[in-house]
There are 2 protein chains.
Amino acid sequence: MIPSEQVDGSRPTTLSDVAQTAGVSVATASKALNGRPDVSAATRRRVLDVAELLSFAPNEIARNLASGRTGTVGLLTSDLDGRFVLPVLMGAEDALGAGQVSVLLCDARGDAIREQHHLRALLSRRVDGIIVVGASTNARVSLGQNLPVPVVYVYAPSSSDADLSLTPDNVGGGRLAVEHLVTIGRRRIAHISGDSSYQAARDRSTGALAALADAGLELVGDPLFSTWSEHWGRDAAGLLLSAHPDVDAIVCGSDQIARGVIDTLRDLGRTVPDDIAVVGFDNWEVLATNSRPELTSIDPNLQALGRAGARAIFESIDLGSVSPGLRKMPPRLVIRGSSVSRR
Amino acid sequence: MIPSEQVDGSRPTTLSDVAQTAGVSVATASKALNGRPDVSAATRRRVLDVAELLSFAPNEIARNLASGRTGTVGLLTSDLDGRFVLPVLMGAEDALGAGQVSVLLCDARGDAIREQHHLRALLSRRVDGIIVVGASTNARVSLGQNLPVPVVYVYAPSSSDADLSLTPDNVGGGRLAVEHLVTIGRRRIAHISGDSSYQAARDRSTGALAALADAGLELVGDPLFSTWSEHWGRDAAGLLLSAHPDVDAIVCGSDQIARGVIDTLRDLGRTVPDDIAVVGFDNWEVLATNSRPELTSIDPNLQALGRAGARAIFESIDLGSVSPGLRKMPPRLVIRGSSVSRR
DNA sequence: CTGTTAGCGCATTCAC
DNA sequence: GTGAATGCGCTAACAG
């Protein structure tokens, strides 16, 4: 329900309104409402009742001015339309919103100038902390170590290891994919990925190769790198199959690529997963669950990443600081029909 | 660059710091910095220089307390993961962020309790306005008309016409799709859409039928409604083609459905667009540009919707109020290879 | 336990 | 032109 104070269009009830009609001082009213111990049960009850009656809502602005903390954190993202920042953002909003803190959202649109602008705005608003969410897992420049509030970098790590960064473990993800395929008996495994200028592409590839080596296997052909698109997946699968018709599994650098790959495999009359198993990356639900068959994929756990980021901010506020460094968060394997046949 | 005040870890410079080192009173400093007329050019220069030197950043919190306006608007969304709210949100953030106002983001996760919680928080933070962004174009319950700040509903309209709502014109979108197909010479047009419990599905269908009637045509078969998925698109296309093998165009209720449809058409050996033209809805880039052929689609212009919403808030603040009602924003047609063959 | 006294940082009267 | 005084709504010492 909407507080009735607003119904009559008059100015919002203030603490002193409450105090006055409860017959106490503002100080006492404040203590009562904030659950401070040094108030008699009777007066507390009375103040609470009056506050309820007047549907008093404390002015956070004033409260902040007095207390020094604003109960807001800035969320500085560089690419709001990215499908990756979103889950992160949700996780953060989740962990923060559960408490009393609100989120100030800023989208720099990948523009450094705009980012500085937003940074200043956040600082002026005296946020208690800042979460920087990048659009790719490539490292980004630091906001600097001398900010008056804690900063944590999520998804895209800071290029400075004096900062705290949380990013998905892409190497581990690559391993996971191959280990799964080896487990289900595949031995002739190929790799099709996206733009090799992305750290993510290189890391996933590194992980996959490492896992292959551990299993005493070698990659079938060279890894194929190009763009993060279905088109490339389709083309690459064609290239791969004509060069190495005997592959029995393909690790893809993204779900988009995987969908393209599956598309071509069907066109070529190869069945997935019986003939060739396919593993995607990102676990992007819309893509993964709508393909035929549905996509086994590596889920980078972005929401957990966001939550961890928010928690790191809290820690940093409480403890005064937090140990910096790059923390890689473990991904998880989501098995669907493209690697294990289902009936 | 980061203000140097923060570099030395001390407390942020305040207005009185500036005043003091400039040798004036805080009042004068305030006037000088805010461009008020009653300050001599000389002192203004001096104050500005000092402020620059000390990299003074006014404490917005304090400024707000004194001025009454906070320069923040609340963005209350019910489904952050929705691919629809996002562009809206970007548009809003765009229009707002360009000025001096910041965005407080709240995600209610579709939970009414949580929404009330967030609403209170926003009100406590004394936001200047609230933009409510729903996850579908179905109407949603109003927050009430007696809030102390202007509210505008974007994407999902309010069920109360005492509120201002901005939503895409789905009827017009449906018309647009059919008109395009008629223009390129199609006459046997069918319609496959999503969940008919969605207003969007019904509206798009209504628009399509109206445009057909205007062209003196009838729909081939009944509209097929089910889920908003590729799976359904595939199945529906199969059903449709076996019942009406002679269709020459299919209007789809979403891009996902369109992709499924195209998939099946290829399986059945029908070519798109020469044999059968396909139009999607939403213009969801990742889906539309990665299909074979790329999808012609109706773009609901969500970002423009978000911008309009933000502007409405401004108006409402400036003018004291704004005329309520449901405003439908025109979509636009994006032509790609699924309706017009390209070489 | 309660009320009085001070600010938080700034904008805004008013005198000077 | 400038500065001293006042208050925004609240919290945080203190003193009773």
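So you know, we letter chains A, B, ... as the sequences are listed, proteins then strands, and number each from 1.
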Send over the distance from [X] [atom1] to [N] [atom2], rounded to a whole Å.
X: A:Asn34; N: D:dG9; atom1: CG; atom2: P; value: 17 Å
X: A:Asn59; N: C:dC8; atom1: CG; atom2: C1'; value: 13 Å
X: B:Arg125; N: D:dG9; atom1: CZ; atom2: C1'; value: 15 Å
X: B:Arg36; N: C:dC10; atom1: CZ; atom2: P; value: 16 Å
X: B:Leu15; N: C:dA11; atom1: CG; atom2: P; value: 6 Å
X: B:Glu60; N: C:dA11; atom1: CD; atom2: C1'; value: 13 Å
X: B:Asp17; N: C:dC8; atom1: CG; atom2: C1'; value: 13 Å
X: B:Gln20; N: D:dA4; atom1: CD; atom2: P; value: 12 Å

Has [X] got a side-chain N or O lying under 4.0 Å from the OP1 or OP2 atom of [N]?
X: A:Asn64; N: D:dC10; answer: no
X: A:Arg126; N: C:dG9; answer: no
X: B:Ser30; N: C:dA11; answer: yes
X: A:Arg63; N: D:dT11; answer: yes

Short N/O separations, protein against nucleotides 1-3 of chain C, under 3.5 angstrom:
from: C:dT2; atom 1: OP1; to: A:Ser40; atom 2: OG; distance (Å): 3.0
from: C:dT2; atom 1: OP1; to: A:Thr43; atom 2: OG1; distance (Å): 3.2
from: C:dT2; atom 1: OP2; to: A:Ser40; atom 2: N; distance (Å): 2.7
from: C:dT2; atom 1: OP2; to: A:Ser40; atom 2: OG; distance (Å): 3.4
from: C:dT2; atom 1: OP2; to: A:Thr43; atom 2: OG1; distance (Å): 2.7
from: C:dG3; atom 1: OP2; to: A:Ser25; atom 2: N; distance (Å): 3.1
from: C:dG3; atom 1: OP2; to: A:Thr28; atom 2: OG1; distance (Å): 2.7
from: C:dG3; atom 1: O6; to: A:Lys31; atom 2: NZ; distance (Å): 2.7

Under 3.5 Å, is there a donor-acceptor pair between the [X] and [Y] side chains?
X: A:Ser16; Y: A:Thr14; result: yes
X: A:Ser102; Y: B:Arg125; result: yes
X: B:Glu115; Y: B:Ser78; result: no
X: B:Thr72; Y: B:Thr70; result: yes

Which atom of B:Pro157 lies closest to which atom of B:Thr167, heavy atoms considered: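 Looks like CD-OG1, 4.0 Å.
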salt_bridge(A:Arg114, A:Asp107) N-O dist < 4.0 Å: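 A salt bridge is absent here (no side-chain N lies under 4.0 Å from a carboxylate O).
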Minimum-distance nucleotide (side-chain atoms of B:Leu65 versus D:dC8, D:dC10, C:dC10):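 Taking heavy atoms from C-beta onward, the closest nucleotide is D:dC8.
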Distance, P atom - from C:dC1 to D:dC10, rounded to whole angstrom: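 Those two atoms are separated by 25 Å.
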Sugar-phosphate, base or nothing in reach of B:Arg69, heavy atoms under 4.0 Å: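 It contacts nothing in the nucleic acid.
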5' precedence on DNA chain D between A:Val26 and B:Ala62 (nearest-nucleotide basis):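 First, find each residue's nearest nucleotide; the 5'-ward one identifies B:Ala62.
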Spatial distance of atom CG (A:Leu89) from atom CG (A:Leu302) [nearest 0.5 Å]: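 Reported to 0.5 Å precision, the distance equals 11.5 Å.
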